[in-house]
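Beneath this line is the structure, given in structure tokens, with notes to follow.
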Amino acid sequence: MPALFNHTIIASVDRAVSAAFYQAILEADDAPNWGPFTNLSLAGGVMLQFAEPPVEIQMQHYAFLVDDAHFDRAYQRLVSAGVEHWADPQMTRPGETNTEHGGRGVYFKDPSGHALELITKPYF
């Protein structure tokens, strides 16, 4: 069996707030929660687990591939909620999206400060 990505833990200041943010943007399904984790399920059996570690949170980057219709819905949610966003990871093009790599993309931060990216075409 080839290796498949199964789950990751996303450090959060408030795991419920972070999970709700990701669920709205990614249209993720609820998954059973246990212990210190609030869980969401993405397509392909990938689970996002949100936890509140007792350490300072270091920013991570998470990129999600979505189709054009999902991108439109997610982008509208970001704009409606007043979430600051950029066309580039250097954050030099605020309030824009990009059309690089044959698709569209946008960068923004989650409630805990992690850098998120939505793209409509994979990089390779």
Side-chain angles (χ1 to χ4, degrees):
M1 174 179 170
L4 297 173
F5 186 74
N6 182 260
H7 71 276
T8 192
I9 297 171
I10 299 175
S12 306
V13 173
D14 182 318
R15 65 186 182 161
V17 168
S18 289
F21 181 83
Y22 281 73
Q23 188 167 37
I25 298 300
L26 300 177
E27 300 174 358
D29 293 325
D30 287 321
N33 301 322
W34 64 84
F37 303 111
T38 298
N39 301 318
L40 296 176
S41 176
L42 300 178
V46 173
M47 185 169 51
L48 301 179
Q49 297 185 282
F50 299 88
E52 300 163 358
V55 296
E56 182 180 344
I57 295 174
Q58 299 296 310
M59 185 202 65
Q60 298 294 312
H61 174 80
Y62 301 103
F64 298 93
L65 179 64
V66 298
D67 65 22
D68 283 308
H70 188 152
F71 186 92
D72 290 338
R73 292 188 304 272
Y75 186 69
Q76 184 56 49
R77 288 182 188 113
L78 292 171
V79 171
S80 293
V83 175
E84 192 172 13
H85 60 280
W86 304 269
D88 62 319
Q90 296 81 18
M91 300 182 287
T92 63
R93 295 173 51 198
E96 298 179 36
T97 63
N98 69 60
T99 56
E100 297 161 9
H101 305 284
R104 294 183 291 161
V106 67
Y107 297 83
F108 54 100
K109 293 194 175 181
D110 79 0
S112 295
H114 296 300
L116 302 182
E117 176 182 8
L118 296 180
I119 54 174
T120 61
K121 299 285 183 192
Y123 290 150
F124 62 93

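We're numbering straight along the sequence, starting at 1. On a predicted model such as this, the values are computed, not experimentally measured, just so you know.
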Do Phe37 and Ile10 belong together in a cluster built from hydrophobic side chains that touch within less than 4.5 Å?
no
Rounded to the nearest 0.5 Å, what separation is found between the OG atom of Ser112 and the CG atom of Asp14?
7.5 Å
Would Ile119 and Leu116 show up in the same hydrophobic cluster when neighbours are defined by side-chain heavy atoms closer than 4.5 Å?
no
In this structure, would Val17 and Val83 fall into the same cluster of hydrophobic residues linked by side-chain contacts under 4.5 Å?
no
Any chance you could lay out the side chain to side chain contact (heavy atoms under 4.5 Å, CB included) test for Arg73 and Glu27, step after step, and finish with the verdict?
CA-CA 10 Å; Arg73 292 188 304 272; Glu27 300 174 358; 2.6 Å; yes
Val66 reachable from Trp86 in the ILVMFWY side-chain graph, under 4.5 Å edges:
no
For a 4.5 angstrom cut-off between non-hydrogen side-chain atoms, does Leu118 reach Ile25?
yes
Ignoring hydrogens and geometry, is there a side-chain-to-backbone donor-acceptor pair from Arg104 to Asp68 under 3.5 Å?
yes
Would you mind reporting whether Met91 and His85 have side-chain heavy atoms less than 4.5 Å apart?
no
Give a yes or no on whether Trp34 and Ile9 share a hydrophobic cluster (residues Ile, Leu, Val, Met, Phe, Trp, Tyr; joining criterion: side-chain heavy atoms under 4.5 Å apart).
yes
For residues 42-65, dump all side-chain donor-acceptor pairs below 3.5 Å to protein atoms at least two apart in sequence or in another chain.
from  : atom 1 : to     : atom 2 : distance (Å)
Gln49 : NE2    : Asn39  : OD1    : 3.4
Glu52 : OE2    : Arg15  : N      : 2.8
His61 : NE2    : Glu117 : OE1    : 2.9

Give a yes or no on whether a salt bridge exists between Asp72 and Arg77, defined as a side-chain N under 4.0 angstrom from a carboxylate O.
no
Please state whether the rings of Tyr75 and Phe71 are parallel, tilted or perpendicular, taking 30° and 60° as the class boundaries.
parallel
Minimal non-hydrogen separation, Asn98 against Ala87, with atom names:
ND2-O, 2.8 Å
Take His101 and Phe124, measure what ring pair (Phe, Tyr, Trp, His ring centres under 6.0 Å) needs, and give me the verdict at the end.
CA-CA 9 Å; His101 305 284; Phe124 62 93; over 10 Å; no
Decide yes or no on side chain to side chain contact (heavy atoms under 4.5 Å, CB included) for Tyr22 and Asp110, but give the supporting numbers first.
CA-CA 8 Å; Tyr22 281 73; Asp110 79 0; 2.7 Å; yes
Derivation and outcome, side chain to side chain contact (heavy atoms under 4.5 Å, CB included), residues Asp29 and Leu40:
CA-CA 6 Å; Asp29 293 325; Leu40 296 176; over 6 Å; no
Separation between CG (Asp30) and OG (Ser41), nearest 0.5 Å, reads 9.5 Å
Establish, from distance only, whether the side-chain atoms of Tyr107 and Asp88 form a donor-acceptor pair under 3.5 Å.
no
